[in-house]
Each structure stands twice: as structure tokens, then as C-alpha cells.
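Quick note on labels: first sequence line is chain A, next is B, and so on, each numbered from 1.
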Amino acid sequence: MKIMGLIFWLFLVPFAMGVALLSRRNTNTKSFSEAIIFGYIVFLVLLETVGIPIGVLCVDSGYTLFRTVFAGCSLVIFALGVFIFVKNKHWIEYKERIGRIPNAVSKLSLESKIYSLLFILLLLGQLVMIFVFYSLDVDDFYYNSYATSAIECNVLYRRDPNTGYATSFDIRHGLAMIPILQAFISSMSGIHVLVVVHRVFPLVVIPLSYLILYKIAGELFPKSTESRLQFMFLISVFRMFGCVSILVPETFLFIRTWQGKSLAGNIIIPLIIFIFLRLFKKERPDEHSTKWLYLVLSICIFASGAMSSLAVLLCLILTGFTGLIFAISEKNAKVFTKALVSMIPGILYIAVYVVGVIFKIR
Amino acid sequence: MLDLLKIPIEVIKNYTGLKLLFALAALMWVYLFTSEKNKTLRLIFVYIPLIIVVLILFPFTYTLFEKVGLDTDTYYRLLWLIPTGIITVYGIVKLSSRNALSRSIGTIAAVLVIAFTGSFAYNSVYLVKAENLYGVPQDVVNIIDDIRSDDTVHDRITVLFPSYLMLYARQYDGNITMPYGRDLLSFVMSGKFYLDPLYDAFEKSEQIDFDVLLESSRKEYVLYFVFPKDKLTEEGIKESGLIYVTSSGIYDVYKDPVMLKQVEEYDKIRSGDEL
């Protein structure tokens with residue numbers, strides 16, 4: 001039952017949310033990888049939308065209210081996704097794709113098979129290592145205490161992680177709700193929150209980050225399967241040996257996988273890069289798809305707020321500069337305008353943060 | 001001028017660890033600069049990273065970062081906007097993309113260069129062999145479970161942990177309260193002034209002086225103590241009046257009967273028995 005709970009909340013719900021989101025675009029609405037990736041983004045946006053007002057406004061019993069509202073809203077979007085999945089007969093397409101897998105694998109060149117196997121072995125090795133080590137990261141003291149306190153004291157960011165005594169809402173950290181999501185998954189699955197944080201979350205984060213990199217590889221090497229798979233193998237090697245300091249995203253990926261900062265550096269920033277690769281690829285998407293991509297960009301920026309308040313600023317900087325550079329390159333100011341519009345949710349988030357810090361909202 | 005660049009250069013030095021892997025990344029960036037013809041890829045993987053580096057080095061950026069109240073210790077995260085791994089590997093794959101043989105040679109060479117110039121993630125000093133699924137020292141799990149078995153009445157219990165275990169206690173059980181936490185440890189380690197007689201009595205002495213300790217701990221309502229065994233003397237612990245609860249590893253756990261009695265009296269008052 002505990003495993004079923006994890007599968008439901010960490011796979012089926014985000015997938016269904018992604019299906020619902022993809023249905024709003026007019027091409028490739030049945031992409032499994034994009035349903036998972038963007039489904040998680042919708043999940044995080046919902047987390048922020050529900051969690052922040054409850055965290056700010058509820059002094060007591062905030063977690064119970066959050067759990068009820070968040071679960072309810074998630075199930076509504078999940079039901080919508082399931083309805084679309086059944087109504088648009090996605091299951092037939094998926095069934096056919098599963099049926100085509102053995103044939104597709106047999107058609108791969110030997111070189112592709114070798115790169116695939118090497119990549120899978122490295123990925124499996126990284127997933128096994130999640131259970132072999134634990135990390136001596138002192139920031140866990142804060143984040144995991146917030147997650148545990150949410151469940152046991154029924155509050156959102158209102159227990160001093162140092163002492164456990166009641167305190168005012170921690171606006172500096174409280175807008176980044178990943179620990180509360182981890183508490184939620186723990187509550188709904190019945191698994192201790194530390195097991196969810198240290199063992200389950202990395203099992204989601206690491207493959208999700210590689211899925212995004214695979215989508216990027218698809219944009220970099222659209223015509224060569226061998227190059228895509230070579231890229232995936234080499235990027236996994238780079239990540240394993242890229243921990244040259246404690247500051248790089250690669251170190252965060254393996255040593256602080258479950259923290260919002262790690263998600264920011266290894267998921268949201270590469271995802272925004274992927275969106276820009278899609279927006280400005282040689283064969284430009286049609287107008288509807290372009291609008292959809294800018295919509296997704298804006299919700300990615302907002303979703304980054306669940307990971308870290310600074311992540312929103314980083315995403316705004318990346319989006320702003322990228323939009324500006326492309327606007328100059330294409331001599332089309334509308335490109336920059338669209339980028340600015342997609343930054344609005346992120347700017348609102350920063351405004352809430354700044355107002356909260358200045359006026360010490362508690 | 002150089003003074004203004006001092007901090008950003010220090011940030012970049014700390015970020016790269018001055019490892020040759022970043023030289024490989026820079027080399028691949030130069031390769032893309034000279035050879036990438038796809039406009040979109042050029043803008044995203046050549047010009048945007050250059051803009052980010054200039055942005056970081058620009059002295060005004062750091063000052064602005066500081067002035068708007070952001071934690072300057074996180075300034076390095078601007079470098080996360082440069083997808084170093086993607087640039088490096090894309091350059092290598094593009095360079096070796098001619099045919100299967102060149103890809104194979106490129107892959108083998110890349111793996112060797114990356115392995116020799118980088119740092120293996122699992123050699124990190126921050127990773128320790130896991131003792132359980134929780135990802136915290138097993139002593140913390142054992143001690144807290146035993147305390148909970150010993151005191152089944154109270155949800156919130158104040159426990160005094162040694163520094164190493166203290167970092168994990170509230171991660172495992174959110175209802176464990178402590179008289180001080182990581183913030184005090186940061187003060188102590190940084191040499192800043194602090195005033196905490198309980199910390200001094202518990203952490204600084206080689207052998208615990210129980211009179212001094214209990215005088216401070218009772219002001220903080222500490223019910224349970226987790227002592228490293230080597231800080232205890234038989235005589236001292238006997239005279240203290242503390243009651244033995246359990247042991248785990250190098251730690252002994254005791255409870256304070258005086259504090260327990262006080263808590264019981266508070267419970268009676270709260271439940272109305274004394275009225």
C-alpha cells in the first residue's frame with residue numbers, strides 16, 4: 001500500500017496533470033516524456049498556489065488544511081487528466097508504442113545499443129548509490145525539520161528548526177514549499193518523511209533530470225540517434241565526475257538531491273533551456289504552439305519558486321537575457337515582449353517575497 | 001579595478017575548484033564559438049554563457065546583489081545559468097560526430113579526460129555510508145525511539161543532544177525540542193560572541209560538571225540528556241541524581257527526575273487537578 005501511495009502521488013498524479021496540460025496544445029499531445037516533465041511543473045505550481053496562502057495565513061493546523069486542499073485540487077486535475085486520457089484514447093497510442101518497443105530496440109544500431117546500455121548502467125548505479133550513502137549536509141537540519149514539523153506539529157514553517165519552539169512564519173524559506181511537498185508525500189504514503197526525502201525523492205529527481213537532458217539531446221541532434229545516446233552517456237559521466245566543488249549543480253544532484261536548490265539547478269534551469277530550444281528551433285513552431293510554450297515557460301518560472309526563492313530570480317535573469325538576445329538577433333521586439341510577459345508570475349513571486357521580508361509578514 | 005573584480009573572481013575560483021574539467025568546458029565553448037552555425041544553439045550555448053560570465057564579473061552586479069538583501073554566499077548560483085555539462089558534452093559529441101569510429105574514439109577519450117580532470121561524486125567527504133533508510137545516524141533513531149518508549153505521555157520532549165547528533169534529531173522527530181540548535185553552533189564555529197552557559201557546560205568541558213550543567217538545563221526544561229560516554233564519570237553521574245534510560249553506540253541517555261517532577265506538576269495544573 002505504501003508503494004502504491006508513492007506510485008500514485010509521484011507518478012500517476014503528475015502524469016495525469018501533464019496529460020491535461022498537453023491537451024491544450026495542438027501537436028504531439030500524447031508525448032509521455034513531456035507529460036511527466038510538465039506534469040511535475042503543474043504539481044509544483046499547485047503546491048505554491050495552495051501552500052503559500054495557507055502558510056502565511058494559518059498559524060495553527062496549517063498542514064491539515066494544506067493536505068486537504070492540495071490533495072483535493074490535485075485529485076481534481078488528476079481526474080481531468082484521466083478523463084482526457086480516456087476520451088482522446090491516449091491509452092491506445094501508448095499501448096501501440098509499448099508494442100513497438102521490441103521492434104524499435106532491434107532496429108537500433110549496435111553503437112546505439114552500446115551507448116544505451118552504458119547510460120542505463122550508469123543511471124542504475126546512481127540510483128543504487130542513493131541507498132548506499134547519506135550526506136552530511138547541514139542545510140538538511142532546516143529543510144527536513146520543516147517537513148517533519150509539518151506532519152508532527154501541524155504547521156507550515158512555524159517551528160524554529162533549531163529548537164522546535166513555535167515561531168513566526170519563516171518568509172525567507174517559507175515560499176519554497178518543497179519540504180511541505182515531501183511531508184505531503186510522506187503523509188499520503190505512510191512512509192516516514194526522512195525516507196521520502198533521502199531515498200524516494202532522489203529516485204524521482206535523478207531520472208527526471210535525465211529525461212529533460214534527453215529532450216535537450218533531441219533538439220541538439222534531431223537526426224542522429226547515435227549522437228543523442230552518446231550525449232546521454234557522456235552527460236551522465238560528466239555529472240558523476242563533475243563534482244569539482246560543493247557549489248556546482250552536479251554536487252547538489254548527488255549530495256543534496258532532495259533539496260529545492262538541487263531541483264533548481266538540475267531540473268528547472270535545463271527545462272527553461274529546453275523550452276527556448278523548442279521556441280527558436282529552425283523549424284519554428286506554429287503560433288498556437290509558440291503561445292503554449294510561452295505559457296509553459298511562465299509556469300516553469302513560477303514553479304521554480306517551490307524549489308528556492310533565488311531560483312525564481314535565476315530563471316527571470318535567464319529568460320530575460322535569452323528573450324533579449326533572440327529579439328536582437330531576429331530584430332523582432334515582440335520576442336522580448338513575450339519573454340517579459342512570461343516572466344510576470346515570477347515577478348509577482350519576487351514581489352511577494354520582497355514585501356514579506358520588508359514587512360516581516362508572519 | 002582589480003579590487004572590484006576580487007570577489008567575483010574568488011567566486012569563480014571556488015565554483016570551479018580550479019579543476020581542469022572547467023578548462024575542458026572552456027575549450028568546448030571555444031570550439032562551439034568557432035564552429036557552431038545553428039543560430040539558436042549559438043545564442044543559447046555561446047553568447048548567453050558569455051553574457052552570464054560578464055554579468056558575474058561586472059562589479060555592479062555583486063553590489064546590487066548585496067544591496068537588495070540577497071545572501072552574498074549564494075552569488076555563485078548565477079553560474080548555474082551556464083549549462084557547463086551540456087556545453088562540454090555537446091561540443092565533444094559534435095566534434096566526434098563524423099562516423100561511428102570517431103564517435104567511439106571521442107567517447108573513450110572524453111570519458112578518460114573527464115574522469116582524470118574531474119572529481120568523482122562518491123568520493124566526496126560529505127557522503128557517509130548509510131546506516132538506515134532514514135539517512136541519519138542510527139544512534140539518533142535508537143535514542144529517540146527509546147526516549148519515546150520511556151516517555152509515552154508527552155508529545156514534545158526537550159532533549160539535549162551533542163552537536164553531531166543534534167543536527168539530525170529534529171529531522172527524525174519534529175516534536176523533539178532542543179535548547180539550542182545549528183545557529184548556535186555556527187556562532188561558536190565562526191568565533192563570534194555568544195552567551196550560552198548550557199552549551200559551555202555540555203560541550204566545552206572534557207568531563208561534565210553536573211552541578212553547572214543541571215543549573216542551566218533546568219532553566220531550559222531539558223528532560224533527557226544524551227552524553228558521550230567519555231564525558232561521564234561514575235561518581236559524577238551517581239551524584240547528579242540523573243536516571244539512566246538507554247545507550248546507543250558511544251552515547252548514554254539519562255533523564256532528570258527533578259525536571260520530570262516539575263513537568264508532572266505542570267501537567268496536573270493544566271489538566272485542572274490542582275484547582
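For A:R199 and A:Y134, the positive end is not near the middle of the six-membered ring at less than 6.0 Å and at most 45° from its axis.
Looking at B:N14, the atoms closer than 4.5 Å to chain A (heavy atoms on both sides) sit in the backbone and in the side chain alike. Residue contact with chain B, scored on non-hydrogen atoms closer than 4.5 Å, involves the side chain of A:I269 exclusively. With a 4.5 angstrom heavy-atom cutoff, B:N123 does not touch chain A via any of its atoms. If you measure heavy-atom distances from A:L213 to chain B, the contacts under 4.5 Å come from the side chain alone. Interface remark: A:Y353 contributes no atoms to any contact with chain B (heavy atom separation under 4.5 Å). Using a 4.5 Å cut-off between heavy atoms, A:I151 does not touch chain B at all. Both the backbone and the side chain of A:D140 come within contact range of chain B, each with at least one heavy atom under 4.5 Å from a heavy atom of that chain. For B:I51, the part lying near chain A is the side chain, with the backbone staying farther off; criterion is any non-hydrogen pair under 4.5 Å. Using a 4.5 Å cut-off between heavy atoms, B:L18 does not touch chain A at all. Of the two parts of A:N154, neither the backbone nor the side chain holds a non-hydrogen atom closer than 4.5 Å to a non-hydrogen atom of chain B. Contacts of A:L310 with chain B are made by side-chain atoms alone, with heavy-atom separations under 4.5 Å and no backbone atom involved.
Of all the listed residues (B:S96, B:S119, B:G17, B:G118), the one sharing the greatest number of non-hydrogen pairs under 4.5 Å with chain A is B:S119. Per-residue heavy-atom pair counts under 4.5 Å with chain B were compared for A:F231, A:F280, A:F221, A:Y143, and the maximum is reached by A:F231. Taking chain B as the reference chain and counting heavy-atom pairs below 4.5 Å, the highest number among A:E219, A:K261, A:E152 is found for A:E152. Of all the listed residues (A:I246, A:L313, A:L220), the one sharing the greatest number of non-hydrogen pairs under 4.5 Å with chain B is A:L220. Counting heavy-atom pairs closer than 4.5 Å to chain A, the top-ranked of the candidates B:V125, B:T40, B:I48, B:L78 is B:T40. Among the candidates B:N38, B:V136, B:L79, the residue making the largest number of heavy-atom pairs closer than 4.5 Å to chain A is B:V136. Contact count versus chain B (heavy atoms, under 4.5 Å) is highest, among A:T163, A:V196, A:D137, for A:T163. The residue among A:Y142, A:Y146, A:F233 with the most heavy atom pairs within less than 4.5 Å of chain B is A:Y142. Here A:I255 is the residue among A:V354, A:L279, A:I255 with the most heavy-atom pairs under 4.5 Å with chain B.
Judged by distance alone, the side chains of A:N144 and B:Y172 never bring a donor and an acceptor atom under 3.5 Å apart.
Not one N or O on the side chain of A:T251 forms a donor-acceptor pair closer than 3.5 Å with the backbone of A:L247. Not one N or O on the side chain of A:E226 forms a donor-acceptor pair closer than 3.5 Å with the backbone of A:S109. In terms of modelled atom types and a separation under 3.5 Å, the side chain of A:E330 and the main chain of A:N332 share no donor-acceptor contact.
Shortest non-hydrogen contact noted between B:V222 and B:P179 is CG2-CG, 4.0 Å. In terms of heavy atoms, B:I87 sits closest to B:A25 at CG2-O, 4.3 Å.
Rounded to the nearest 0.5 Å, atoms CD (A:Q182) and CG (A:L194) are 9.5 Å apart.
Note: B:Y15 and B:Y76 have tilted aromatic rings, judged against thresholds of 30 and 60 degrees for the angle between ring planes. Using a 30° and 60° split on the angle between ring planes, B:Y47 and B:F33 fall in the perpendicular class, above 60°.
Atom NZ of B:K13 has 12 or fewer neighbouring heavy atoms from other residues, nucleotides or ligands inside a 6.0 Å radius.
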* To do: With side-chain contact (heavy atoms from CB on, under 4.5 Å) as the test, would you mind laying out the steps for B:L32 and B:R42 before giving the verdict?
  => CA-CA 7 Å; B:L32 292 178; B:R42 201 172 169 78; over 6 Å; no
